[in-house]
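For reference, the structure discussed in these notes is given below.
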Amino acid sequence: IEHFPLATKAGQCCGGSVTVLIESFPESGIRLAVFGAGHVGRALVQIMAQCDARIDWIDSRPELFPEEVAGNATTISLSDPADHIQFLTDTHRCIVVTHDHALDYRLVYMLLTETDIDYIGLIGSETKAKRFFNRLDKDGVSLDDQRRCRCPIGLPEVRGKLPMEIAVSIAAEVLSLEPGAISELKPELSWKEIQQVFRQ
């Protein structure tokens, strides 16, 4: 908190003073896009919302979202969840846990061919993984790009088939990844910068 006499410090002719609270907040360590609001998606967001993460939660069925979500999670209802891909940055990590295998494939294909996101997790069995990777190969997705997709998602050491158990496995894997780049905090503002703010 800083106190500024406007006449002497900011060059204001009318006098007066102002007290300013200056705060800075670091960007969240994890930027996560979760596609799917079913049982596993809900359990995963419940866990990750308690971590240092900012979450985009995307589904075409708004009725599946809870009435209240944590402040670091944003629910996004789109008739086509793939429309949200254009808003993602390369620092996002993506989790695909939808109710529709065709949508799963389209999301994964677009994430691999239209972004440089380094981690795309897809829920599924070994059989689903083999089928998806064979199809990605036929559709011309390079092996290097395919390696950015992890399927089945989650740490194999975390066993169990209940939605919360699967979500714990996924969350553990996401949290074990190298953190994304975090914006450097700007040190204290200079007097000149503060004066510029007052003159705007």
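A quick note: this is a predicted structure, and the numbers were derived from the prediction, not measured.
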Taking every non-hydrogen atom, the tightest pair across [X] and [Y]:
X    : Y    : value
Y119 : R150 : CE1-CB, 4.1 Å
E165 : R159 : CB-O, 4.1 Å
G41  : V97  : CA-CG2, 3.9 Å
V34  : L44  : CG2-CD2, 4.2 Å
Y109 : L136 : CD1-CD2, 4.1 Å
I153 : G121 : CD1-CA, 3.4 Å

Has the side chain of [X] got a donor or acceptor atom that lies under 3.5 Å from a matching backbone atom of [Y]?
X    : Y    : answer
W57  : I76  : no
R93  : I30  : no
E114 : Q86  : no
N72  : A49  : yes
R148 : I117 : yes
K128 : P152 : no
N134 : K130 : yes
R42  : L64  : yes
S60  : D80  : no

Let me confirm one number: the [atom1]-[atom2] distance from [X] to [Y], rounded to the nearest 0.5 Å.
X    : Y    : atom1 : atom2 : answer
C94  : L88  : SG    : CG    : 5.0 Å
D137 : S142 : CG    : OG    : 9.5 Å
L32  : H92  : CG    : NE2   : 8.0 Å
D139 : L112 : CG    : CG    : 11.0 Å
D116 : T89  : CG    : OG1   : 11.0 Å
F35  : D59  : CZ    : CG    : 10.5 Å

**OP:** Indicate yes or no: at least one non-hydrogen side-chain atom of L103 is less than 4.5 angstrom from one of P81.
**Re:** yes

Are [X] and [Y] in one and the same hydrophobic cluster, where Ile, Leu, Val, Met, Phe, Trp and Tyr link if side-chain heavy atoms are under 4.5 Å apart?
X    : Y    : result
L177 : I123 : yes
L107 : M110 : yes
I47  : I166 : no
V40  : M48  : yes
I55  : I95  : yes

Original post:
Angle class for the F87/H84 ring planes (parallel below 30°, perpendicular above 60°, tilted otherwise)?
Top reply: tilted

Original post:
With sequence neighbours excluded, what pairs up with Q46 under the side-chain hydrogen bond (donor to acceptor under 3.5 Å, both in side chains) test?
Top reply: none

**OP:** With side-chain contact (heavy atoms from CB on, under 4.5 Å) as the test, would you mind laying out the steps for D145 and T113 before giving the verdict?
**Re:** CA-CA 8 Å; D145 282 332; T113 58; 5.9 Å; no

